[in-house]
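Since the structure comes first, as structure tokens, the remarks are kept for the end.
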Amino acid sequence: MGTRLLDGTLFERWYLVFTVESDQSLILKMCQIGLIYTVIVGAFSFLKPAPYGRHSVNNGSAWIYGPLINAKFAWMIQESPAWIVPLIIMYQSRSIHLNNTPNAILVALFMVHYIQRSFIYPLRMTHRANPVPVMVCLFALVFCLYNGFLQSHFLLNVHLVNQSSIFFIPGIVVFIVGMAINIHHDGILLSLRKGKKESDTKSEFKIPRGFLFEYVSGANYAGEILEWWGFAIASGGFPQVLFAIFSTLFLGARAWHHHNFYHRNFGKSYPASRKALIPFIF
């Protein structure tokens, strides 16, 4: 029988919810569910984009997704569990691997990403950011809660990252480069909205330009995908690989939908050589 390091914590009942008796079995069960979720959501993401941002639904079926809420508020609420949950686990459980430097670095980087997502990114948005359907916000919140628990509990209490692994440093470098690419290109997109005049009703969107946007339509998504593959390489754990696969499918599909959106709206004005996600390839 494996460990039960969540006993006495806020997440003690998760053993019962997932019908398991140990931390190792809990991680395995959650990964199995996560794999099914990844396949289903990944497939549907290519068929139809998630209804937020430029892909918001404005037709008769919009009621399915519930009322709209402020975009800044939605992002703050839905992303926050991904850094709050690790803090709770770190504080309440024994966190037996926290004293291992690679584990501590990975947990810290995971939290930094989501603190940036839940505070810095929303505060950079303009007041004209499209509101988010409450159901989309709710699903994102549940995902961040689930994934935040899976990633942090695995790294804090289950998986000891090898300090001498030749993949750790390269993985961290890839993560940091990916995060920088993501934040920089998010900034380019946000600046386009800030630069739009209130009286300009010709088009709500502009063609993004600069750095990787000269090669792909989803440069910000490419950066985030790179982040999570770096995270997976550095960790060597299956939950991190699974998250990287999910990010590749979900964000890759969104980049593809963005690419098609730009072509529909700008026609021949949109750079013909620009790909969706991977320069010169896709």
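Start at 1 with the first residue, then count along the sequence.
Because its NZ or CZ atom is not both nearer than 6.0 Å to the ring centre of Tyr270 and within 45° of the ring axis, Arg264 does not count as a cation-pi partner of that residue. A cation-pi arrangement is absent between Arg209 and Phe213, since the terminal nitrogen or guanidinium carbon is not both under 6.0 Å from the aromatic centre and inside a 45° cone about the axis.
Using a 4.5 Å cut-off on side-chain heavy atoms (C-beta onward), Pro131 and Ile69 make no contact. A heavy-atom distance below 4.5 Å is found between the side chains of Leu123 and Met76. Pro239 has its side chain within reach of Ile27: a pair of non-hydrogen atoms, C-beta onward, lies under 4.5 Å apart. Residues Tyr114 and Cys144 are in side-chain contact: their nearest non-hydrogen atoms beyond the backbone lie under 4.5 Å apart. Taking the side chain as every heavy atom from C-beta outward, Met179 and His184 never approach each other to under 4.5 Å.
Sorted by first then second residue, the salt bridge (Lys or Arg N to Asp or Glu O under 4.0 Å) pairs that include residues 14-27, not counting sequence neighbours, are Arg4-Glu21.
Counted within 6.0 Å of CZ on Phe282, heavy atoms from surrounding residues, nucleotides or ligands total more than 12; the atom is thus considered enclosed. Within 6.0 Å of CZ on Phe167 lie no more than 12 heavy atoms contributed by other residues, nucleotides or ligands. In this structure, Phe46 places its CZ atom where more than 12 heavy-atom neighbours from other residues, nucleotides or ligands lie under 6.0 Å away.
Following chains of ILVMFWY side-chain contacts shorter than 4.5 Å, one can reach Leu150 starting from Val17, so the two form part of one hydrophobic cluster. Placement of Val174 and Ile176 within a single hydrophobic cluster is found when ILVMFWY residues are connected by side-chain heavy-atom separations under 4.5 Å, directly or transitively. Each of Leu98 and Tyr91 belongs to its own hydrophobic cluster when Ile, Leu, Val, Met, Phe, Trp and Tyr are linked at side-chain heavy-atom distances under 4.5 angstrom. Follow the hydrophobic side-chain contacts under 4.5 Å out from Leu249 and you reach Leu251 in the same cluster. Criterion: ILVMFWY side-chain heavy atoms under 4.5 Å apart, direct or through other members. Under it, Phe175 and Ile183 are part of a common hydrophobic cluster.
Without hydrogens or angle criteria, Ser22 side chain to Ser25 main chain gives a donor-acceptor distance under 3.5 Å. A donor-acceptor contact shorter than 3.5 Å is absent between the side chain of Ser45 and the backbone of Ala253. The closest donor-acceptor contact from the side chain of Gln116 to the backbone of Val112 lies at 3.5 Å or more, if one exists at all. The main-chain N or O of Gly218 is never found under 3.5 Å from a side-chain atom of His259 such that the two would form a donor-acceptor pair. With hydrogens and angles disregarded, a donor-acceptor distance shorter than 3.5 Å links the side chain of Asn103 to the backbone of Val161. Between the His159 side chain and the Ser235 main chain, a donor and an acceptor come within less than 3.5 Å of each other.
What you find for Val216 and Pro279 is that their closest heavy atoms are CG1-N, 3.4 Å. Contact between Ile89 and Ser152 at its shortest, heavy atoms only, is CD1-OG, 3.4 Å. Looking at every heavy atom in both residues, Tyr15 comes nearest to Leu6 through OH-N, 3.0 Å. Pro86 approaches Leu156 most closely through the heavy-atom pair O-CD1, 4.0 Å. Residues Ile207 and Pro271 share a closest heavy-atom pair of CG2-CD, 4.3 Å. Closest non-hydrogen pair, Arg94 versus Leu5, comes out as NH1-CD2, 3.6 Å.
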For Leu106 and Gln240, what are the C-alpha separation, side-chain angles and deciding distance, and is it a side-chain contact (heavy atoms from CB on, under 4.5 Å)? CA-CA 10 Å; Leu106 287 170; Gln240 288 73 49; over 6 Å; no
Pair Phe238-Phe154, ring-ring contact (aromatic ring centres under 6.0 Å, His included): steps then yes or no: CA-CA 10 Å; Phe238 183 70; Phe154 181 75; 9.1 Å; no
Test side-chain contact (heavy atoms from CB on, under 4.5 Å) on Phe110 and Asn147; report intermediate values, then the result. CA-CA 11 Å; Phe110 183 81; Asn147 189 55; 4.0 Å; yes
Check against side-chain contact (heavy atoms from CB on, under 4.5 Å), Asp186 and Arg117: CA-CA 11 Å; Asp186 272 344; Arg117 268 290 174 215; 3.1 Å; yes
For side-chain contact (heavy atoms from CB on, under 4.5 Å), just list the numbers for Gln163 and Asn100, CA-CA rounded to whole Å, side-chain angles, deciding distance to a tenth of an Å, and then say yes or no. CA-CA 8 Å; Gln163 294 196 29; Asn100 185 51; 2.4 Å; yes
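Ring geometry, Phe11 versus Trp14: the interplanar angle exceeds 60°, so the pair is classed perpendicular (tilted spans 30 to 60°).
Note that NE2 of His55 is 8.5 Å distant from CG of Asn260, once rounded to the nearest 0.5 Å. Distance check: Ile166 CD1 to Ile233 CD1 gives 11.5 Å after rounding to the nearest 0.5 Å. The distance from atom NZ of Lys268 to atom NE2 of His263, rounded to the nearest 0.5 Å, is 13.0 Å. Interatomic distance, Ser80 OG to Leu145 CG, rounded to the nearest 0.5 Å: 11.5 Å. Note that OG of Ser217 is 6.0 Å distant from CZ of Arg274, once rounded to the nearest 0.5 Å.
Screening Phe211, Tyr121, Tyr221 for a ring pair (Phe, Tyr, Trp, His ring centres under 6.0 Å) with His185, the sole residue that qualifies is Phe211. Of the candidates Asn157, Asp7, Thr3, Ser93 forms a side-chain hydrogen bond (donor to acceptor under 3.5 Å, both in side chains) with just one, namely Asn157. Across Arg128, Met125, His127, a single residue satisfies side-chain contact (heavy atoms from CB on, under 4.5 Å) together with Arg193, and that is Arg128.
Arg54 and Tyr262 share a side-chain donor-acceptor pair at under 3.5 Å. Judged by distance alone, the side chains of Asn182 and Asn220 never bring a donor and an acceptor atom under 3.5 Å apart. With 3.5 Å as the limit, one finds no donor-acceptor pair spanning the side chains of Glu79 and Ser118.
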Side chains of residues 135-143: which donor-acceptor pairs under 3.5 Å do they make with residues two or more places apart or in other chains?
none

Can you list, pair by pair, the side-chain donor-acceptor contacts under 3.5 Å of residues 28-43, counting residues two or more places apart and other chains?
{"from": "Lys29", "atom 1": "NZ", "to": "Phe18", "atom 2": "O", "distance (Å)": "2.9"}
{"from": "Lys29", "atom 1": "NZ", "to": "Thr19", "atom 2": "OG1", "distance (Å)": "3.2"}
{"from": "Thr38", "atom 1": "OG1", "to": "Gly34", "atom 2": "O", "distance (Å)": "2.8"}

Taking distance alone, no hydrogens or angles, what donor-acceptor pairs closer than 3.5 Å link side-chain atoms of residues 225-232 to residues at least two apart or in another chain?
{"from": "Glu227", "atom 1": "OE1", "to": "His113", "atom 2": "ND1", "distance (Å)": "2.8"}
{"from": "Glu227", "atom 1": "OE2", "to": "His113", "atom 2": "ND1", "distance (Å)": "3.4"}
{"from": "Trp229", "atom 1": "NE1", "to": "Thr248", "atom 2": "OG1", "distance (Å)": "2.7"}

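Glu224 has no carboxylate O lying under 4.0 Å from a charged side-chain N of Arg254, or vice versa, which leaves the two without a salt bridge.
Under the ring pair (Phe, Tyr, Trp, His ring centres under 6.0 Å) criterion, Phe119 pairs with Trp83, sequence neighbours left out. For Tyr215, the ring pair (Phe, Tyr, Trp, His ring centres under 6.0 Å) partners are Phe280, not counting sequence neighbours.
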